[in-house]
Amino acid sequence: MNTEKFKIEIKKRLQDKFEHDLLDASLQNLVDIHNKLRFNNFAYSLRELTRHIHEKVLNTAWFIPISPKEPKKVTRKQRMKYAIQGGLPDDYVIDTLEIDVDAIGKKVGDNIDLLSKYTHVNPDSFYVEDDKVKELSEKVMDAVILLFQTIEESRASLTQELEDNVNTTVISNLFYETIDSIDY
């Protein structure tokens with residue numbers, strides 16, 4: 001995948017100026033051929049692009065801090081959960097809509113793991129040759145797009161299940177209310 005196609009695909013999914021600027025800066029890292037950290041910086045900044053939902057997670061009904069000492073610390077799993085189900089309560093998503101958030105979260109997590117692999121600087125990830133940078137950056141770009149697509153697909157599925165459930169409830173209530181009013 002070339003960077004321009006990737007940029008177009010990702011930009012249509014971004015929400016604000018900060019995210020757009022972060023994407024541009026991320027891609028700029030790849031152009032800096034004199035910087036031995038260019039690939040690491042690229043992968044790191046793209047991973048950060050996927051993490052900017054912290055405050056939204058804190059405001060959900062289902063958020064529970066993992067430690068009383070860090071009441072505002074949001075885990076990666078909680079970020080993924082929010083990306084998939086938003087603020088909807090767990091029991092509603094699992095029991096009523098029958099959506100397996102953990103299975104979807106695993107798929108999303110696998111893509112984030114690929115990004116994380118190259119954010120930690122070590123001899124294997126620091127001395128990356130130019131041709132390998134191209135190959136790895138394409139893998140990372142594919143992973144980011146797959147991440148966004150997975151989130152979009154799961155949200156669409158959740159929305160469809162939610163609409164079906166609401167429609168069924170409304171029709172059922174309307175039907176029974178009509179029958180009850182006819183009986184009187």
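Starting from 1, each residue takes its place in the sequence as its number.
Side-chain contact check for Val74 versus Leu58: some heavy-atom pair is nearer than 4.5 Å. Using a 4.5 Å cut-off on side-chain heavy atoms (C-beta onward), Leu49 and Phe18 make no contact.
Here CD1 of Ile10 is found 11.0 Å from NE2 of His20. Values are rounded to the nearest 0.5 Å. Note that CD1 of Ile8 is 9.5 Å distant from OG1 of Thr3, once rounded to the nearest 0.5 Å. Distance CG/Asn59 to OH/Tyr82: 8.5 Å, rounded to 0.5 Å. With rounding to the nearest 0.5 angstrom, the CZ atom of Phe6 is 9.0 Å from the CG atom of Asp142. The line from CG of Asp32 to CZ of Phe39 is 14.5 Å long, rounded to the nearest 0.5 Å. With rounding to the nearest 0.5 angstrom, the CD atom of Gln28 is 11.5 Å from the CG atom of Asn35.
When every heavy atom of Phe63 is checked against every heavy atom of Lys73, the shortest pair comes out as CZ-O, 3.6 Å. Gly87 approaches Thr60 most closely through the heavy-atom pair CA-CG2, 3.7 Å. Taking each heavy atom of Pro71 and Pro65 in turn, the nearest pair found is O-CG, 3.5 Å.
Val133 is connected to Val144 through a chain of hydrophobic side-chain contacts under 4.5 Å among Ile, Leu, Val, Met, Phe, Trp and Tyr, so both are in one cluster. By the rule that hydrophobic residues join a cluster once side-chain heavy atoms approach within less than 4.5 Å of another member, Met141 and Leu136 end up as members of one cluster. Linking ILVMFWY residues whenever their side-chain heavy atoms come closer than 4.5 Å, directly or via other members, leaves Val140 and Tyr44 in distinct clusters. Met80 and Ile94 fall into different hydrophobic clusters, where Ile, Leu, Val, Met, Phe, Trp and Tyr residues are linked whenever their side-chain heavy atoms come under 4.5 Å apart, directly or through other members.
Using modelled atom types, one finds no donor on one side chain facing an acceptor on the other under 3.5 Å when comparing Ser67 with Glu70. Inspection of the Gln85 and Asp90 side chains reveals an N or O donor paired with an N or O acceptor under 3.5 Å.
Between the Trp62 side chain and the Val57 main chain, no donor and acceptor come within less than 3.5 Å of each other. Gln78 contributes a side-chain N or O that, together with a main-chain N or O of Ile64, makes up a donor-acceptor pair within less than 3.5 Å. In this structure, Glu19 contributes its side chain and Gln15 its backbone to a donor-acceptor pair below 3.5 Å. Under the 3.5 Å distance criterion, the side-chain polar atoms of Asn29 are matched with a main-chain donor or acceptor of Ala25.
Remark: Lys11 NZ is packed, more than 12 non-hydrogen atoms of other residues, nucleotides or ligands lying under 6.0 Å away. In Phe148, the CZ atom is crowded: over 12 heavy atoms of neighbouring residues, nucleotides or ligands sit closer than 6.0 Å.
Sorted by first then second residue, the salt bridge (Lys or Arg N to Asp or Glu O under 4.0 Å) pairs that include residues 38-50, not counting sequence neighbours, are Arg38-Asp130, Glu48-Arg51.
Using a 4.0 Å cut-off between a side-chain N of Lys or Arg and a carboxylate O of Asp or Glu, Glu129 and Lys132 do not qualify as a salt bridge. Ion pairing of Glu152 with Arg13 is present here, as a side-chain N (NZ or NE/NH1/NH2) and a carboxylate O approach within less than 4.0 Å. Here Asp24 does not pair with Lys17 in a salt bridge; the nearest charged N to carboxylate O distance is not below 4.0 Å. Taking a cutoff of 4.0 Å between a charged side-chain nitrogen and a carboxylate oxygen, Glu138 and Lys134 qualify as a salt bridge.
With a 4.5 Å cut-off between side-chain heavy atoms of Ile, Leu, Val, Met, Phe, Trp and Tyr, the cluster of Phe126 takes in Leu37, Val121, Tyr127.
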